[in-house]
Number of protein chains: 2
Amino acid sequence: MANNEQCKNHDNEDWFVETGVLNSDQCRLTIKIGRKLIEKQSKYQNILAFENEKFGRCLVLDDAIQCTELDECSYQEMISFLPLNIHPNPERVLIIGGGDGGVAREVAKHPLVKHVVQCEIDSEVVEISKKYLPFMGVGFENEKLKLFFQDGYEYVRNHKNEFDVIITDSSDPKGPATTLYQSEYYQALYECLRHDGIICCQAESYWFDLEFIKNLFHKVQQIFPSLAYASTAVASYPSGQIGFLIASKSKTVDFKHAKHQEKFQKIAEKLRYYSPEMHSSAFILPMFVQRQLDQVLNNP
Amino acid sequence: MANNEQCKNHDNEDWFVETGVLNSDQCRLTIKIGRKLIEKQSKYQNILAFENEKFGRCLVLDDAIQCTELDECSYQEMISFLPLNIHPNPERVLIIGGGDGGVAREVAKHPLVKHVVQCEIDSEVVEISKKYLPFMGVGFENEKLKLFFQDGYEYVRNHKNEFDVIITDSSDPKGPATTLYQSEYYQALYECLRHDGIICCQAESYWFDLEFIKNLFHKVQQIFPSLAYASTAVASYPSGQIGFLIASKSKTVDFKHAKHQEKFQKIAEKLRYYSPEMHSSAFILPMFVQRQLDQVLNNP
């Protein structure tokens with residue numbers, strides 16, 4: 001929390017000031033720390049967990065909020081069920097990152113998913129999530145899941161033609177996560193996927209980072225024949241909006257209409273955010289965003 | 001900016017800390033002030049306009065961000081075109097509040113709208129918007145518009161059976177705006193509307209204020225036979241999400257499908273956010289929200 005000391009005495013109380021995200025030189029969320037649960041320096045990063053009256057329990061890595069009890073449902077359910085309900089038969093799933101356990105929790109719920117592999121580099125995030133954020137940490141208890149503490153990119157490079165869906169639940173493109181936004185990574189994902197495979201990756205906010213998203217589209221369309229940006233609402237993220245880059249090896253994929261509705265029905269009633277209608281609406285973008293992305297897609 | 005001094009030297013630069021909204025005791029957006037344009041105490045409120053690198057020009061009333069150049073399109077276009085494209089023939093429109101001019105700018109664009117009346121209590125907001133926020137202030141130059149500097153509630157009480165659409169562009173339910181969230185106000189709106197008339201009112205965030213929204217639904221369904229909550233994304237508002245309460249005097253209104261698409265076509269290409277598809281998707285709510293609102297609607 002190197003930079004957070006500056007605002008500590010704001011109202012004579014402890015406030016977390018989010019200095020670890022893109023654009024934090026221009027705007028920052030500040031959240032009152034009701035109770036600090038743990039703060040620890042791991043081999044890879046600073047890990048902080050605290051409680052806030054509105055957000056509930058919050059997980060912070062290197063001064064960037066990763067998830068909060070209030071709104072993690074929208075991120076975890078959407079990054080999981082969007083690709084799982086686009087792919088015709090998502091049996092084998094790979095999760096890169098996602099050390100809090102929330103994505104593993106959702107992916108394992110899907111009735112068609114048989115095997116889940118997860119690569120998280122930092123075992124201490126997993127331990128802290130299990131202990132202090134059990135609503136997400138519970139995701140690691142599923143028997144469909146094999147968890148490796150390993151660099152995700154390395155794992156992807158060493159496995160070819162193995163997965164139907166690969167989900168990259170990474171932090172912002174700064175520091176160590178930068179490699180997860182480069183052409184080489186998307187090429188490795190392409191090769192790691194089976195026939196008709198799909199990737200879903202964190203892809204920033206259209207309000208603050210539209211140029212970054214356009215650039216990403218430009219890179220990824222050199223590799224995958226079909227791609228789209230899907231949006232979701234996350235109260236604790238900068239701008240309250242975040243999107244996912246979804247790309248398929250199939251030329252004729254239908255991104256907007258959720259498949260598997262009959263089988264999915266039995267878990268749908270337990271979800272907090274996702275529905276087949278929300279799936280479709282995630283692809284309806286503001287006109288200024290759609291026009292800009294169309295421009296990239298029409299000029300490969 | 002009574003409470004904002006505390007964080008002024010954050011990084012030895014001026015930062016605006018949003019202390020004037022609901023829940024600001026728990027979390028706050030802080031925005032770097034690139035250049036202060038004006039700060040003035042009017043008869044009614046403190047008015048601040050400044051520039052930020054990401055958000056562009058920002059308008060703040062009593063320490064609460066009202067709109068920014070970056071994202072005002074989503075609020076202004078959605079609060080205007082949602083009700084205008086639900087009503088079968090929106091000829092006469094009343095705007096309560098909206099002193100920045102953004103809603104008047106959008107409403108006047110609609111090809112079916114013939115007359116617009118606006119009641120804004122604070123003439124100084126209008127003057128500051130014209131001078132410092134001309135992209136919104138331009139809204140006051142339309143010949144369809146009659147602008148009154150008057151209390152909106154008083155105007156509504158004194159006009160019966162006059163408008164097809166009434167838009168309430170108000171601040172949060174605290175201080176003077178509190179009356180705009182009470183049953184008496186919605187009853188007066190009902191009487192001010194013509195046959196099949198529709199209201200559209202700012203109705204807070206489902207992330208932070210779901211209990212407030214449920215309460216509002218409970219009040220309004222005692223008066224209007226049809227009502228719904230529509231959501232939009234606004235980067236500069238707390239949680240990045242805000243919704244509108246839309247209610248109709250008609251029992252059989254179709255909220256979700258935008259009318260007038262053929263006539264609307266000619267202005268659609270100039271809009272930055274709204275589209276008929278975005279209209280429909282605004283009514284697709286997270287499952288935890290839909291379930292809670294259904295519970296209120298099914299138990300009037």
Side-chain angles (χ1 to χ4, degrees), chain A residues 3 6-7 9-12 15-19 23 25-32 34 52-55 70-71 73-74 77 205-208 231-242 268-275 277-291, chain B residues 3 6-7 9-12 15-19 23 25-32 34 52-55 70-71 73-74 77 205-208 231-242 268-275 277-291:
Chain A
N3 289 319
Q6 296 146 338
C7 236
N9 286 317
H10 195 57
D11 287 354
N12 297 315
W15 287 72
F16 167 74
V17 183
E18 193 179 38
T19 55
N23 307 303
D25 61 326
Q26 291 299 318
C27 65
R28 298 168 183 178
L29 190 63
T30 69
I31 303 185
K32 189 166 159 182
N52 168 273
E53 217 172 89
K54 275 281 158 188
F55 286 104
L70 176 74
D71 58 2
C73 60
S74 71
E77 293 182 15
S205 160
Y206 56 62
W207 289 120
F208 290 160
S231 175
T232 196
V234 184
S236 58
Y237 284 177
S239 88
Q241 184 273 331
I242 201 156
E269 63 192 33
K270 289 175 197 155
L271 302 184
R272 293 187 64 219
Y273 193 90
Y274 179 93
S275 64
E277 296 74 25
M278 188 59 96
H279 180 118
S280 298
S281 88
F283 294 94
I284 308 299
L285 304 177
M287 291 309 293
F288 77 95
V289 179
Q290 194 59 57
R291 286 186 198 111
Chain B
N3 290 319
Q6 296 147 336
C7 235
N9 286 317
H10 196 55
D11 286 351
N12 296 318
W15 287 71
F16 166 73
V17 183
E18 193 179 39
T19 54
N23 307 305
D25 62 326
Q26 290 300 318
C27 66
R28 299 167 181 178
L29 190 62
T30 69
I31 304 186
K32 189 166 160 181
N52 168 273
E53 219 173 85
K54 276 280 158 188
F55 285 105
L70 175 74
D71 58 1
C73 61
S74 71
E77 292 182 16
S205 160
Y206 56 62
W207 289 120
F208 290 160
S231 175
T232 195
V234 183
S236 58
Y237 284 176
S239 89
Q241 182 274 330
I242 200 159
E269 63 193 33
K270 290 175 197 154
L271 301 185
R272 294 187 63 222
Y273 194 91
Y274 179 94
S275 64
E277 293 75 25
M278 189 59 96
H279 181 117
S280 298
S281 88
F283 294 94
I284 308 300
L285 304 177
M287 291 309 293
F288 77 94
V289 180
Q290 193 60 58
R291 286 186 197 112

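If you're wondering where the values come from, they're calculated on a predicted model, not measured in any experiment. Chain letters run A, B, ... following the sequence lines, proteins first, then strands; residues in each count from 1.
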Set out, in order, the CA-CA distance, both residues' side-chain angles and the distance that settles side chain to side chain contact (heavy atoms under 4.5 Å, CB included) for B:T30 and B:F16, then state yes or no. CA-CA 5 Å; B:T30 69; B:F16 166 73; over 6 Å; no
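In terms of heavy-atom pairs under 4.5 Å with chain A, the best-connected choice from B:A233, B:S231, B:S275, B:P238 is B:A233. Of the listed residues (B:R272, B:Q241, B:K32, B:E77), the greatest number of heavy-atom pairs within a distance under 4.5 Å of chain A belongs to B:R272. Contact tally against chain B (heavy-atom pairs below 4.5 Å) for A:S205, A:S239, A:G240: the top residue is A:S239.
Separating the CD atom in A:E277 from the OG atom in B:S280 is a distance of 12.0 Å, to the nearest 0.5 Å. Separating the OG atom in A:S74 from the CE atom in A:M278 is a distance of 8.5 Å, to the nearest 0.5 Å. In this structure, B:D71 CG and A:Y206 OH are separated by 10.0 Å, a value rounded to the nearest 0.5 Å.
Proximity of a side-chain donor or acceptor of A:N52 to a complementary backbone N or O of A:I31 within less than 3.5 Å is not detected. Checking side-chain atoms of A:K54 against main-chain N and O of B:F208 turns up a donor-acceptor pair under 3.5 Å.
Residue A:A282 does not touch chain B at all, counting heavy-atom pairs closer than 4.5 Å. The contact between A:Y274 and chain B is made entirely by backbone atoms, counting heavy-atom distances below 4.5 Å. Contact annotation for B:N23: only side-chain heavy atoms (C-beta onward) come within less than 4.5 Å of a heavy atom of chain A. Heavy atoms closer than 4.5 Å to chain A are found in both the backbone and the side chain of B:Q26. For A:L271, the part lying near chain B is the backbone, with the side chain staying farther off; criterion is any non-hydrogen pair under 4.5 Å. No part of A:F283 comes within reach of chain B, as not one of its non-hydrogen atoms sits under 4.5 angstrom from that chain.
Ring centroid separation for the pair B:F55 and A:W207 does not come in under the 6.0 Å cut-off.
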